[in-house]
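Here's the structure we're looking at; comments come further down.
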Amino acid sequence: MAEQQDAEINTKTVQSSFPSGRVKRIMKLDKEINKINSDALFVISNATELFVNFLAEKSSRVAIEKKRKMIKLEHLRIAVKRHQPTADFLLDSLPMPPPEQISSKTDRFKKTSEGDSNSVPAGSRRIDSFFKKGP
C-alpha cells in the first residue's frame with residue numbers, strides 16, 4: 001500500500017502555466033542561445049511563474065495597505081522598490097506612472113519651470129541623470 005502511494009507521488013508531473021512555445025521563443029531572442037534543452041525550458045518556465053507570483057503577492061499587499069481592491073502600476077512600483085534585489089534590475093524597466101499620478105511635489109516643480117527651456121515632460125527623465133554618479 002505504501003509503495004503504491006510512493007509510485008503515485010513520483011509519477012505526478014508538474015507543468016508550468018506558461019506556454020512552452022512562447023517561453024522558448026522569448027529565450028531564443030538571445031543571440032547566444034541556439035538550442036534549448038527541455039529541462040532548461042521547464043526550469044525557466046517555473047522560475048518565471050514563481051517570480052510573477054512573488055510580484056503579484058507583494059503588489060497585492062501594497063494595494064491592501066492603500067485600501068484598494070485592484071492592483072495598479074503604482075502598487076507594483078512600490079512593491080519592487082521595497083525588495084532591493086528586484087529593484088536592482090526591474091525598477092528601470094517599469095513604465096513611469098501617468099502624469100495625473102505623480103505626486104504634488106513634481107506638480108509644483110512643473111508649475112515653476114514651465115517657462116524653462118530645459119524642462120522635461122512629467123514622467124520622463126533627462127539623459128544627464130543616467131551619467132551622474134551617486135543617487
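Every value quoted in this text rests on a predicted model; they were computed, and no experiment measured them.
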Donor-acceptor pairs under 3.5 Å, side chain of residues 19-44 to any protein atom, not counting sequence neighbours: which ones?
{"from": "Asp30", "atom 1": "OD1", "to": "Glu32", "atom 2": "N", "distance (Å)": "3.2"}
{"from": "Asn37", "atom 1": "OD1", "to": "Asp39", "atom 2": "N", "distance (Å)": "3.2"}

Verdict with reasoning, Lys66 to Ile78, per side chain to side chain contact (heavy atoms under 4.5 Å, CB included): CA-CA 11 Å; Lys66 302 278 184 181; Ile78 292 169; 3.8 Å; yes

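- The side-chain hydrogen bond (donor to acceptor under 3.5 Å, both in side chains) search around Asp88 returns Gln84, not counting sequence neighbours.
- Among residues at least two apart or in separate chains, side-chain hydrogen bond (donor to acceptor under 3.5 Å, both in side chains) pairs with a member in residues 49-64 are Ser16-Glu49, Ser17-Glu49.
- Apart from Ile64 itself, the hydrophobic cluster it occupies contains nothing, where clustering links Ile, Leu, Val, Met, Phe, Trp and Tyr at side-chain heavy-atom distances under 4.5 Å.
- By the side-chain contact (heavy atoms from CB on, under 4.5 Å) test, Leu55 is found to be paired with Phe51, Leu76, Val80, Thr86, Leu90, residues two or more places apart in sequence or in another chain being considered.
- When all heavy atoms of Val62 and Arg82 are compared, the pair lying nearest together is CG2-NH1, 3.6 Å.
- Atoms CE and NE2, on Met70 and His75 in that order, are 9.0 Å from each other to the nearest 0.5 Å.
- Grouping Ile, Leu, Val, Met, Phe, Trp and Tyr by side-chain contacts under 4.5 Å, direct or through others, leaves Ile71 on its own.
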Trace of the side chain to side chain contact (heavy atoms under 4.5 Å, CB included) decision for Asn46 with Phe18: CA-CA 8 Å; Asn46 284 333; Phe18 293 124; over 6 Å; no

